[in-house]
Amino acid sequence: MAAARENVSLLFKLYCLTVMTLVAATYTIALRYTRTSDKELYFSTTAVCITEVIKLLLSVGILAKETGSLGRFKSSLRENVLGSPRELMKLSVPSLVYAVQNNMAFLALSNLDAAVYQVTYQLKIPCTALCTVLMLNRTLSRLQWISVFMLCGGVTLVQWKPAQATKVMVEQNPLLGFGAIAIAVLCSGFAGVYFEKVLKSSDTSLWVRNIQMYLSGIVVTLVGVYLSDGAEIKEKGFFYGYTYYVWFVIFLASVGGLYTSVVVKYTDNIMKGFSAAAAIVLSTIASVLLFGLQITLTFALGTLLVCVSIYFYGLPRQDTTSIQQGETASKDRVSGV
C-alpha cells in the first residue's frame with residue numbers, strides 16, 4: 001500500500017513537472033511571436049501586473065473550490081488573508097526580492113557584455129542549490145552537484161548568441177555590472193527557496209499562500225509600472241498595444257506561475273530549474289520549425305548537457321545508512337562469536 005502511494009506521488013510530481021515544462025515552452029514561443037509580429041509593442045510592465053492579477057483570481061477560484069462552501073471560503077480568507085497581516089508581510093518578501101532581482105539583472109545587462117551576462121546569470125542555478133542546502137538543511141550527492149553545474153553550462157550554451165559588432169559605443173562599468181549580477185543571482189536563489197520553506201513549513205493551503213504572495217506582487221508591480229512607464233502609459237493608455245496574442249501570452253504566464261508554485265510545493269526549486277531548462281530547449285526546437293531558427297553547434301552541445309544533467313540528477317541515491325547498519329550488525333555477530 002505504501003509503495004502504491006509512493007508511485008502515485010511520483011507520477012503526480014512528474015505530471016506537474018511535465019505540464020510546467022510544456023506551459024513554459026509554449027509561453028516562450030508565444031512571447032517570441034508577439035515581440036516579432038506586433039507593430040505596436042505593449043508595455044511589458046503592465047503585462048506583468050495583469051499576470052499577477054490573473055494569478056490572484058485563479059488562486060481565489062481554486063481556493064473556493066477547495067473549501068467546498070461559501071462559508072468556509074470566507075472564513076479562510078478572513079483568517080489567513082484579512083486577519084493575518086504578519087503572514088502577508090512574510091509572503092511579501094519574495095515579491096520584493098524578485099523586484100530587486102529584475103532591476104539588478106537589467107543594471108547588469110547595461111554594464112556587461114551580453115556574453116558575460118549570459119554566463120554569469122546562469123550561476124543562479126547552483127546558487128539555488130546552495131540556498132536549498134543552507135536554508136532547508138538538505139544534502140546533495142556529489143553527482144547531483146555535478147549535474148547542477150552541468151545544467152548551468154548547458155543552459156548557457158543553449159542561450160548563447162555570438163557577440164555582434166556595433167558602432168554605438170556605450171559606456172559600461174564592469175565592476176558595477178558584476179556587483180549587480182551577484183545580487184541578482186543571490187536574490188534568485190534566496191527568493192525561490194524562501195518561498196519553498198514558507199510553503200512546506202506549515203499546513204496552510206498552497207492557494208492561500210499564493211493569494212498572500214500575489215496581493216503583495218500586485219502592489220510591487222504597480223509601483224514598477226509607475227516608475228518605468230508611468231508617463232507613456234498616461235499618454236497611450238494602460239492596455240496600449242494589446243492583441244489577442246498578448247492576452248494569450250499573459251494567460252500562459254499566469255498558468256505557468258500557478259504550476260510553478262505547485263512544483264515548488266511538491267518537489268523543490270532545483271527541480272524547477274531543471275524543468276525551466278528543458279522548457280528553453282523545447283521552445284528553441286519549436287522555434288526552428290515555426291520561425292526558421294537555425295540550430296548551432298553550441299545549442300546542440302548545450303542541449304546534450306541539459307539532457308545528461310537531468311538524467312544524472314534523477315538517478316536514485318545510494319542508501320549508505322542501510323549498508324552501514326548491515327556492516328555494524330555483521331561486526332556485532334563476529335564479536336559475539
Side-chain angles (χ1 to χ4, degrees), residues 12-13 16-17 19-21 23-24 27 48-49 51-60 62-63 66 76-77 80-81 84-105 121-138 140 148 151 183-224 253-277 279:
F12 176 71
K13 292 177 181 179
C16 293
L17 286 168
V19 173
M20 176 188 164
T21 302
V23 170
Y27 165 75
V48 172
C49 182
T51 300
E52 293 295 307
V53 173
I54 294 177
K55 286 191 290 188
L56 174 65
L57 295 176
L58 289 174
S59 297
V60 169
I62 295 174
L63 178 64
E66 185 181 73
S76 179
L77 286 181
N80 297 295
V81 180
S84 300
R86 183 179 179 182
E87 294 298 311
L88 284 176
M89 291 296 295
K90 185 189 295 185
L91 268 297
S92 68
V93 172
S95 300
L96 293 173
V97 174
Y98 279 131
V100 173
Q101 174 197 340
N102 293 332
N103 283 279
M104 289 297 103
Y121 194 49
Q122 297 311 322
L123 290 174
K124 64 183 180 180
I125 298 173
C127 182
T128 299
L130 181 61
C131 288
T132 299
V133 171
L134 295 177
M135 296 173 62
L136 301 180
N137 296 321
R138 292 181 187 164
L140 297 180
V148 165
L151 179 70
I183 295 174
V185 165
L186 290 173
C187 286
S188 176
F190 171 79
V193 178
Y194 176 88
F195 181 56
E196 180 181 350
K197 186 173 184 178
V198 171
L199 283 180
K200 296 178 178 179
S201 60
S202 69
D203 295 330
T204 305
S205 169
L206 167 64
W207 308 111
V208 168
R209 291 302 192 191
N210 278 342
I211 292 171
Q212 292 169 339
M213 187 171 70
Y214 296 147
L215 282 172
S216 59
I218 292 172
V219 175
V220 171
T221 54
L222 281 175
V223 173
S254 304
V255 175
L258 293 183
Y259 263 101
T260 298
S261 63
V262 173
V263 167
V264 170
K265 171 73 173 179
Y266 295 104
T267 59
D268 56 39
N269 273 278
I270 302 176
M271 290 304 299
K272 184 189 76 173
F274 278 91
S275 178

| remark: One should read off an interatomic distance between Cys187 SG and Asn103 CG, to the nearest 0.5 angstrom, of 10.0 Å
| task | Could you walk me through whether Asn210 and Phe195 pass the side-chain contact (heavy atoms from CB on, under 4.5 Å) test, one step at a time? | result | CA-CA 10 Å; Asn210 278 342; Phe195 181 56; 3.8 Å; yes
| task | Might you confirm whether atom NZ of Lys197 has over 12 heavy atoms from other residues, nucleotides or ligands at distances under 6.0 Å? | result | no
| task | With side-chain contact (heavy atoms from CB on, under 4.5 Å) as the test, would you mind laying out the steps for Leu134 and Leu130 before giving the verdict? | result | CA-CA 6 Å; Leu134 295 177; Leu130 181 61; 4.0 Å; yes
| Got Val97 and Tyr194 here, is their nearest side-chain heavy-atom distance under 4.5 Å? | no
| task | Answer yes or no: are there more than 12 heavy-atom neighbours, outside Met89 itself, under 6.0 Å from its atom CE? | result | no
| task | Show your working on side-chain contact (heavy atoms from CB on, under 4.5 Å) between Tyr214 and Ser59 and close with a plain yes or no. | result | CA-CA 9 Å; Tyr214 296 147; Ser59 297; 3.4 Å; yes
| field | Leu56 side, atom CG; Thr51 side, atom OG1 - distance, nearest 0.5 Å | value | 12.5 Å
| message | Looking only at side-chain N and O atoms, does Ser216 offer a donor or acceptor that is under 3.5 Å from a partner on Ser95? | response | yes
| field | Side chains of Glu196 and Asp268 in contact at under 4.5 Å (non-hydrogen atoms) | value | yes
| query | Looking at Ser205 and Glu66, what are the two nearest heavy atoms and their distance? | reply | OG-OE1, 2.8 Å
| said: Testing the basics here: between Val264 and Lys200, what is the closest heavy-atom pair and its distance to 0.1 Å? | reply: O-CE, 3.1 Å
| note | Closest non-hydrogen atoms of Val133 and Arg138, given as atom of the first, atom of the second and distance, are CG1-O, 3.4 Å
| Are Arg209 and Ser261 close enough that a side-chain donor and a side-chain acceptor fall under 3.5 Å? | no
| field | Donor-acceptor under 3.5 Å (Lys124 side chain, Gly189 main chain) | value | no
| note | Output for pair (Cys127 SG, Tyr121 OH), nearest 0.5 Å, gives 11.0 Å
| note | Between the CE atom in Met213 and the OG atom in Ser92, the distance rounded to the nearest 0.5 Å is 11.0 Å
| query | Counting distance only, does the side-chain N/O of Ser84 pair as donor-acceptor with the main-chain N or O of Val81 below 3.5 Å? | reply | no
| request: To the nearest 0.5 angstrom, please state how far the NZ atom of Lys55 sits from the CG atom of Leu58. | output: 10.0 Å
| Heavy-atom closest contact (Val220 atom, Ala99 atom, distance) | CG1-CB, 3.6 Å
| field | Ile211 CD1 to Leu206 CG distance, which is reported to the nearest 0.5 Å | value | 10.0 Å
| said: Which heavy atom of Lys272 sits nearest to which heavy atom of Thr260, and what is that distance? | reply: CD-CG2, 3.4 Å
| said: For a side-chain contact (heavy atoms from CB on, under 4.5 Å) check, start with the C-alpha distance between Glu87 and Asn80, then their side-chain angles and the critical distance, and finish with the verdict. | reply: CA-CA 7 Å; Glu87 294 298 311; Asn80 297 295; over 6 Å; no
| Polar side chain donor-acceptor pair, Thr128 to Asn269, under 3.5 angstrom | no
| remark: Closest non-hydrogen contact found for Ala184 with Gln101 is O-CG, 3.5 Å
